[in-house]
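Residue numbers start from 1 in every chain, and the chains themselves are labelled A, B, ... in the order their sequence lines are given, proteins ahead of strands.
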Protein chains: 2
Amino acid sequence: MPKEVATAERSPTRRKSGRREEILQIARTLFAEKGFEAASIREIGDAAGILSGSLYYHFATKDDMLDELVRPFVLPLLKQYEVIAHSDAEAPDRLRQMIQFGLQNLVQEPDLLKIVANDRKFFAKSERFSYVEEAWQDIFQIWYGVLQDGVRQGQFRSDLNLHITLRMIIELLNGTVDWFRPDGRFTIEQVIDTQVELLFGGLTPR
Amino acid sequence: MPKEVATAERSPTRRKSGRREEILQIARTLFAEKGFEAASIREIGDAAGILSGSLYYHFATKDDMLDELVRPFVLPLLKQYEVIAHSDAEAPDRLRQMIQFGLQNLVQEPDLLKIVANDRKFFAKSERFSYVEEAWQDIFQIWYGVLQDGVRQGQFRSDLNLHITLRMIIELLNGTVDWFRPDGRFTIEQVIDTQVELLFGGLTPR
DNA sequence: TTGGGCCAAGCAAGCGCTTTTTATGCCTCA
DNA sequence: TGAGGCATAAAAAGCGCTTGCTTGGCCCAA
């Protein structure tokens, strides 16, 4: 008779107690801090106050932990980008919203975003996690479409190489993951504002 | 006649043969591809057609290999940035030259630049390699000075947060390391041109 | 009394590195 | 001229340690 079970499911080792979720969040932090491969299960165990072997009562493999963290994050992320990109706002507005959404994510889910952005090499080489790299490709396409729309409508310059421009924008957002601290000198609003301003208007005064 | 005069005299194991240099370049490639820590000495040995243990005839430690690769790259890099930044050209010109220099490096020394950009976490936590992170800090300061000059002279907008702007520019350059391929669709000149144009002029047409 | 949750112990594989031995030239000098 | 000695380069074997993961059993709350 479960009391207040949020993750209730028929599968074993998942019925109650919250301990599993607790461990998962500890792992999430460590994966984000050190990278998935560099974070060892012994470290995760230590941080959870448990022996590393005991983790395998809750999870079958280390990969499972990662998958359980990343999968429910990546797919909605992709979908949300799609929603914004296909709204009927003007291209510059959609672009701004996408930047804003991407950076807001950095505040709400910094760890997961770090993992997904920093461990791209690992995801790409892993068969099991190919869906992450595929999501990245999809996201690229979505951004690209918005840029194209803007150029077609004369709202973006037509003399820029769009592929390179797109790479720049993505690297810009992903790079922010590595230096932005929510408790640091700048608010995320300042960062959003500066990035949007610089991206749209450039360094040179008008 | 001294007995143990043999080893480690004026030119230990370095007089000729080129083998050492050959191995060093193999290591450089692997460090760049997989990251320093992820590249094992057994892989380096395999790629060199040698057993891993035999590497230690040429090098004392794995760290030594990295140091021998990175040190003679980082210090001239820093110095070159200084030279450009302190020339008497106008700030926008200096900035453009610095971008150009940074990206040209990506063609001439892609491996070393990848190592220095991607393994920053490792360098930062290693006492021995602290000079790499220090060089990065110095480079930051140099860029920042140029940005400030431009703002003072009214050549750059004064309504942008310069710290955030600087982070963006650096991430932009470092991010390029991860996707640019000299044999790919774009020439480095195209990339330089697009990055400079976007950075100076922004997406919005004038 | 049952089973969820953990500990204790350990396995195989891989890590950076060390030591000892072997193979192959090249140089010197009787 | 050719044998001994040295330098170079690598193999072979194994060290101590860490990795992800397994197994068997204990404890205690329901």
When every nucleotide of nucleotides 15-21 of chain C is labelled 5' to 3' by its protein contacts under 4.0 Å (heavy atoms), B for base, S for sugar-phosphate only, - for none, what sequence of letters results? BBBB---
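- For D:dA9, the OP1/OP2 oxygens have no side-chain nitrogen or oxygen of B:Arg20 closer than 4.0 Å.
- Here D:dT19 presents its C1' atom at 14 Å from CZ of A:Phe122, a figure rounded to the nearest Å.
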Enumerate, atom names and distances included, each donor-acceptor pair closer than 3.5 Å involving a side-chain atom of residues 92-105 of chain A, sequence neighbours excluded.
from    : atom 1 : to       : atom 2 : distance (Å)
A:Asp93 : OD1    : A:Arg96  : NH1    : 2.6
A:Arg94 : NE     : A:Ala89  : O      : 3.0
A:Arg94 : NH1    : A:Ala85  : O      : 2.7
A:Arg94 : NH1    : A:Asp149 : OD2    : 3.2
A:Arg94 : NH2    : A:Asp149 : OD2    : 3.2

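- By the side-chain contact (heavy atoms from CB on, under 4.5 Å) test, A:Asp138 is found to be paired with A:Leu78, residues two or more places apart in sequence or in another chain being considered.
- Listed by first and then second residue, the side chain to side chain donor-acceptor pair (under 3.5 Å) pairs involving residues 164-174 of chain B amount to none (not counting sequence neighbours).
- Taking 4.0 Å as the cut-off between side-chain N and carboxylate O, B:Asp64 and B:Arg128 count as a salt-bridged pair.
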Could you pull out every donor-acceptor pair under 3.5 Å between side chains of residues 29-37 of chain A and any protein atom, sequence neighbours left out?
from    : atom 1 : to       : atom 2 : distance (Å)
A:Thr29 : OG1    : A:Gln25  : O      : 3.0
A:Lys34 : NZ     : A:Glu43  : OE2    : 2.5
A:Glu37 : OE2    : A:Lys125 : NZ     : 3.3

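- Contact annotation: B:His58 side-chain N/O to D:dT8 OP1/OP2 distance is not under 4.0 Å.
- Rounding to whole angstrom units, CG of residue A:Leu51 and C1' of D:dG25 are separated by 14 Å.
- Using a 4.0 Å cut-off, some side-chain N or O of A:Tyr57 falls inside it from OP1 or OP2 of C:dG5.
- In this structure, the CG atom of B:Leu55 is 10 Å from the P atom of D:dA11, given to the nearest Å.
- As a whole-Å value, the separation of A:Ile50 CD1 from C:dG4 P is 15 Å.
- Evaluation of the salt bridge (Lys or Arg N to Asp or Glu O under 4.0 Å) rule for B:Asp111 yields B:Arg28 as partners, not counting sequence neighbours.
- Following rounding to the nearest Å, A:Arg19 (CZ) and C:dC7 (C1') show an atom-to-atom distance of 13 Å.
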